[in-house]
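Handing you a structure now.
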Amino acid sequence: MVKLEPYHLVEADSGRAYDAETPRWCGESGALLDLAFTPRLNVAALAGRKPQLWRYRECLPVQKDESIVSLGEMCTPLLFMRLAGHPVWIKQEQLFSTGSFKDRGAAVLISKVKELAVQRVVQDSSGNAGCAIAAYCARAGVACEIFVPEKTSAQKIEQIRAYGAEIRLVRGDRSAAAQAARHAAESAYYASHCWNPFFLHGVKTFAYEVWEQLQCRAPDDVVLPAGNGTLVLGAFIGFSELLEQGLTNRMPAIHAVQTARCAPLYDAFLQGKLHPVPTTAGETMAEGIAIAEPIRGSQILAAVRQTGGRVIVVSEEEIEKYRREMALQGFYIEPTAAVAVAGTAQILNGQPPGRTLVTALTGHGLKHSHGS
Ligand SMILES: Cc1ncc(COP(=O)(O)O)c(C=O)c1O
């Protein structure tokens, strides 16, 4: 049992606060919620803890150890490699149990679901978050219903089903699946990776791990794919917490990469807007980030701008090029994951040497049909 600093849910816009120990995923009038939490990491204890996500225990908003739902999630390797002729650190997030970084968020969110004694959850996903939520619900013995667009990879649908989740195939794009899930959430707890702040407080462990793996330093740049921006926001929260605790003296520049076929954040970034520019999702092989209306879009834009990062886009050709290039180096990743690698190559090309840049392979290739 660890002693956590008090925390509560808070409406992002109005500041209205709610008790975090009561099941709630949005404000009274439907507002987006954040978690107000000031963790205190027990740095001295780290050396004696296993190389697992829960080593940052005091920073994870789950009160009782008995609530923890775990699939043995390990710290993922951070490999030093060369990309487009430049040195780069690449974090192997595809090695999680369900094959993507979403396990970070699901581990903490479903542990909280267990702690809140919630029996049934609903969620919507382009596939990977659905796999992660379904797997952790299976481990926790919580019933779950996942809404996915009907064009989702057959392998991801099969994986969600295999975990025993009820799957709902929704005609239309990712927004249609989100709408259907929100409707269902009127009578169930919404374990949404986009809406639910407990998810982001699991994903933030990405930053804690990178910091530890770089000898307790923050990198200069972090380049991550962004659809709903859970990894971008998780990294932002994690590095901000490290800064607030005096464990690093700077924030990395956080860069978000989108596909040119669906780029509401990129358009807003270029136009100097605070909110995503309305768009429709075009056909793209990066199915995980074809998000036309990212619910936390203004938070993502603020995080990128505040850290001195950029939002950039990559073409389908670049995605395919870097998917193949990574495979030829032994890393089999899905196209959505190749988005970050392609974006990293762009960022590196315009940069002076000597900066420490971290990116991630966010999803495994085995659950995607590449057709080649
Ligand atoms: C493999 C992979 N990478 C990146 C992302 C992007 O995550 P987010 O939509 O939270 O930005 C996803 C989302 O599903 C994904 O599946």
Side-chain angles (χ1 to χ4, degrees), residues 76 90-96 98-106 109 123-134 146-149 151-153 155-157 159-160 173-175 177-178 192-197 199-204 206 222-237 254-259 262-266 276 281 284-297 299-301 303-304 311 313-314 319 322-323 326 331-344 359-368 370:
T76 61
I90 306 190
K91 199 145 167 64
Q92 309 292 310
E93 298 287 286
Q94 82 282 22
L95 298 182
F96 276 112
T98 78
S100 88
F101 77 93
K102 304 269 170 145
D103 285 20
R104 292 186 186 278
L109 172 53
Q123 195 244 15
D124 53 282
S125 164
S126 61
N128 279 329
C131 293
I133 294 291
I146 310 279
F147 294 77
V148 295
K151 283 195 183 153
T152 302
S153 304
Q155 290 91 328
K156 289 178 185 164
I157 293 173
Q159 190 180 353
I160 293 169
D173 62 8
R174 182 66 185 76
S175 309
S192 165
H193 56 296
C194 322
W195 279 86
N196 203 306
F199 191 91
L200 298 178
H201 280 260
V203 176
K204 76 182 179 188
F206 174 87
V222 178
V223 185
L224 301 168
N228 276 305
T230 60
L231 188 49
V232 169
L233 290 173
F236 179 75
I237 293 171
I254 299 180
H255 308 277
V257 193
Q258 299 215 283
T259 156
C262 185
L265 300 168
Y266 174 72
T284 171
M285 63 180 110
E287 65 178 6
I289 53 168
I291 308 294
E293 301 165 64
I295 187 79
R296 292 188 183 268
Q299 293 186 341
I300 303 166
L301 287 163
V304 169
V311 184
V313 283
V314 293
I319 297 170
Y322 284 98
R323 183 189 74 76
M326 291 316 291
F331 302 94
Y332 192 52
I333 55 173
E334 68 168 275
T336 305
V339 166
V341 186
T344 298
T359 188
L361 304 183
T362 51
H364 207 288
L366 281 177
K367 52 168 120 176
H368 187 88
H370 295 300

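One-based numbering, in listed order, for ligands and for the atoms of each.
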Ionic contact status for Glu93 with Arg104, cut-off 4.0 Å: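 Yes, charged N to carboxylate O under 4.0 Å.
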Residue contacts for ligand 1, heavy atom to ligand atom, distance under 4.0 Å: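 Within 4.0 Å of ligand 1, the protein residues are Phe101, Lys102, Ser126, Asn128, Pro225, Ala226, Gly227, Asn228, Gly229, Thr230, Gly288, Ile289, Glu334, Thr336, Thr362, Gly363.
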Minimum side-chain heavy-atom gap Ser125-Ile133 below 4.5 Å: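 No. Closest side-chain heavy atoms not under 4.5 Å.
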Close side-chain approach of Arg296 and Asn228, heavy atoms under 4.5 Å: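 Contact flag for Arg296/Asn228 side chains = no.
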Any side-chain heavy-atom pair of Cys131 and Lys367 under 4.5 Å: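 Yes; the side chains approach each other to less than 4.5 Å.
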Those residues that, when tested against His255, pass ring-ring contact (aromatic ring centres under 6.0 Å, His included) (two or more places apart):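 Residues passing ring-ring contact (aromatic ring centres under 6.0 Å, His included) with His255: none at all.
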Side chain proximity check, Lys102 to Phe199, heavy atoms < 4.5 angstrom: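 The answer is yes, as the side chains (C-beta and beyond) meet within the 4.5 Å cut-off.
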